[in-house]
Chemist: 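Quick one: the structure is below, questions incoming.
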Amino acid sequence: MKRLIYMLIPLFLFFSCEEADDDEAVVEDATLTGTWNITGINPYTDYNCSVSDEEDFINIPGITVTGTSVITDTEITQAFNYTVTGEWWCNVNGGTMSADGSSCDDEGESTSMSDIWNAAMCGYLGDDGGSWDDANQTCSVDESETISYTASEDGTSLNVTDSYCDCDYGDFDCEEDYNQEDCETTDGIYEEETYTYEVSITGNALTVTERSNDPDDAMCYCEDDEGNDIDGCDWDETDEAACTAAGGDYDNGEECSVWTFTKN
């Protein structure tokens, strides 16, 4: 039921070192500072990272991710590219590509791919829209961000404080990236939250694990395949049995994502 079409993913890194006996060759792990290339993204639906989230947009056929994270002693500057095809867009919206790739089929209804996958649709993807490649019929989305971080004393976790302006009830001038003063001046609500990421590195391979297990995030998805609300289903229902009995799709609030990188 989850259909994530936003294209911004936060990635966070750190380092560790290994020691060897004096009479053995010392193989040191890569240091934090430098450039890291992304090699894999694996989302899961449980806290222990054991059940793959097949509905996450990164697991939908037709997407390619490339990019780097440049690390200094205090900041991470990340730049990533997401290139997606019509097959990805069809699947994101609950359809299936025809064998010849000319149409997107959804419960017996067939729509020409040219009607739903084009330069105009590409313009809606990402924060600022994507770049359309007419020859290959693909949409390329570039995202970049610079964040500050602090590391734990033992070097096994990374803390990042995320802040944004909630403009749902603000005026027309309110923007999500406003600082606290500008946010409150435009009647927005300034939000801050600190996230902790598990990190490990062996040689030139880096693994970053993000876990979430917040009961407050549990909810019942009360929407059918056509995007219509299910009668008798309560979005605020936090009891799994009651949610599924009403035809909803229960989310217990657990998530896990594992990111892998290699040193450039």
Side-chain angles (χ1 to χ4, degrees), residues 1-11 37-45 51-69 77-145 164 167-168 175-177 210 219-230 233 235 247-249 251 255-261:
M1 300 295 290
K2 294 181 182 177
R3 294 174 183 175
L4 307 181
I5 60 174
Y6 60 86
M7 306 299 288
L8 181 61
I9 311 174
L11 308 177
N37 300 321
I38 189 169
T39 57
I41 305 173
N42 297 287
Y44 300 88
T45 61
V51 182
S52 180
D53 186 354
E54 299 302 330
E55 293 184 349
D56 190 278
F57 78 89
I58 202 66
N59 281 332
I60 295 175
I63 184 171
T64 302
V65 183
T66 58
T68 61
S69 288
T77 299
Q78 50 198 22
F80 295 93
N81 173 267
Y82 309 87
T83 299
V84 294
T85 65
E87 178 186 16
W88 180 88
W89 184 245
C90 176
N91 281 296
V92 161
N93 287 280
T96 303
M97 287 278 285
S98 62
D100 62 4
S102 63
S103 63
C104 180
D105 302 325
D106 185 8
E107 297 187 353
E109 295 186 7
S110 181
T111 304
S112 172
M113 286 304 302
S114 61
D115 291 336
I116 64 173
W117 185 239
N118 46 48
M121 186 57 64
C122 177
Y124 288 106
L125 297 183
D127 286 348
D128 301 311
S131 298
W132 180 252
D133 184 337
D134 194 59
N136 295 306
Q137 296 288 291
T138 57
C139 181
S140 178
V141 179
D142 293 313
E143 300 287 3
S144 61
E145 183 182 26
Y164 67 96
C167 295
D168 286 347
E175 298 288 347
E176 185 175 308
D177 60 355
E210 177 186 1
M219 69 177 297
C220 183
Y221 285 89
C222 296
E223 193 175 85
D224 61 23
D225 292 338
E226 284 75 39
N228 301 312
D229 285 346
I230 300 173
C233 185
W235 285 82
D249 186 6
D251 183 343
E255 288 183 334
C256 177
S257 294
V258 178
W259 311 78
T260 54
F261 303 84

Chemist: Quick check for you: to the nearest 0.5 Å, what is the distance between Glu175 atom CD and Tyr164 atom OH?
Modeler: 15.5 Å

Chemist: To the nearest 0.5 Å, what is the distance between CE on Met97 and OG on Ser103?
Modeler: 8.0 Å

Chemist: I need the Ile41 CD1 to Ser257 OG distance, nearest 0.5 Å.
Modeler: 8.5 Å

Chemist: Which atom pair, heavy atoms only, marks the closest approach of Cys90 to Thr96?
Modeler: SG-N, 3.4 Å

Chemist: Is there a side-chain contact between Tyr82 and Cys139, using heavy atoms and a 4.5 Å cut-off?
Modeler: no

Chemist: Determine the minimum heavy-atom distance between Cys167 and Glu176, stating which atoms define it.
Modeler: SG-N, 3.9 Å

Chemist: Which residues pass the side chain to side chain contact (heavy atoms under 4.5 Å, CB included) test with Thr77, sequence neighbours left out?
Modeler: Thr146

Chemist: Does the side chain of Tyr44 come within less than 4.5 Å of Val51's, by heavy atoms?
Modeler: no

Chemist: Can you check side-chain contact (heavy atoms from CB on, under 4.5 Å) on Phe57 and Ile63, steps first, answer last?
Modeler: CA-CA 8 Å; Phe57 78 89; Ile63 184 171; 3.8 Å; yes

Chemist: Work out which heavy atom in Trp117 is nearest to a heavy atom in Gly86; give both atom names and the distance.
Modeler: NE1-N, 3.1 Å

Chemist: Measure the spacing between CD1 of Ile60 and CG of Asn93 and express it to the nearest 0.5 Å.
Modeler: 9.0 Å

Chemist: With distance as the sole test, does Asn118 use its side chain to make a donor-acceptor pair with the main-chain N or O of Met121 at under 3.5 Å?
Modeler: yes

Chemist: For atom CG of Asp168, is the number of surrounding heavy atoms from other residues, nucleotides or ligands below 6.0 Å larger than 12?
Modeler: yes

Chemist: Side chain to side chain contact (heavy atoms under 4.5 Å, CB included) with Asn228: which residues, sequence neighbours excluded?
Modeler: Asp224, Glu226

Chemist: To the nearest 0.5 Å, what is the distance between CD1 on Ile230 and CD on Glu223?
Modeler: 8.5 Å

Chemist: Return the minimal non-hydrogen interatomic distance between Glu54 and Asn59, and the atom names on each side.
Modeler: O-CB, 4.0 Å

Chemist: Do you know the tightest heavy-atom contact between Glu143 and Asp127?
Modeler: OE2-N, 3.1 Å

Chemist: Can you name the nearest heavy-atom pair linking Cys220 to Cys233, along with the distance?
Modeler: SG-SG, 3.6 Å

Chemist: Report the C-alpha distance between Leu125 and Trp89 in whole Å, list the side-chain angles of each, state the deciding distance to 0.1 Å, and finish with yes or no for side-chain contact (heavy atoms from CB on, under 4.5 Å).
Modeler: CA-CA 10 Å; Leu125 297 183; Trp89 184 245; 3.7 Å; yes

Chemist: List for me each residue that meets side-chain hydrogen bond (donor to acceptor under 3.5 Å, both in side chains) alongside Gln137, sequence neighbours excluded, and say none if there are none.
Modeler: Asp134

Chemist: I need the Asp133 CG to Thr138 OG1 distance, nearest 0.5 Å.
Modeler: 4.0 Å

Chemist: Just checking, is any N or O donor in the side chain of Thr39 or Thr260 under 3.5 Å from an acceptor N or O on the other one?
Modeler: yes

Chemist: Establish, from distance only, whether the side-chain atoms of Asp53 and Thr45 form a donor-acceptor pair under 3.5 Å.
Modeler: no

Chemist: Check the pair Met113 / Ser102 against side-chain contact (heavy atoms from CB on, under 4.5 Å), numbers first and verdict last.
Modeler: CA-CA 6 Å; Met113 286 304 302; Ser102 63; 5.8 Å; no

Chemist: Check the pair Asn81 / Ser140 against side-chain hydrogen bond (donor to acceptor under 3.5 Å, both in side chains), numbers first and verdict last.
Modeler: CA-CA 7 Å; Asn81 173 267; Ser140 178; 2.6 Å; yes

Chemist: Please determine whether side-chain hydrogen bond (donor to acceptor under 3.5 Å, both in side chains) holds for the pair Ser144 and Asp142, giving the CA-CA distance in whole Å, both sets of side-chain angles, and the decisive distance to 0.1 Å.
Modeler: CA-CA 7 Å; Ser144 61; Asp142 293 313; over 6 Å; no

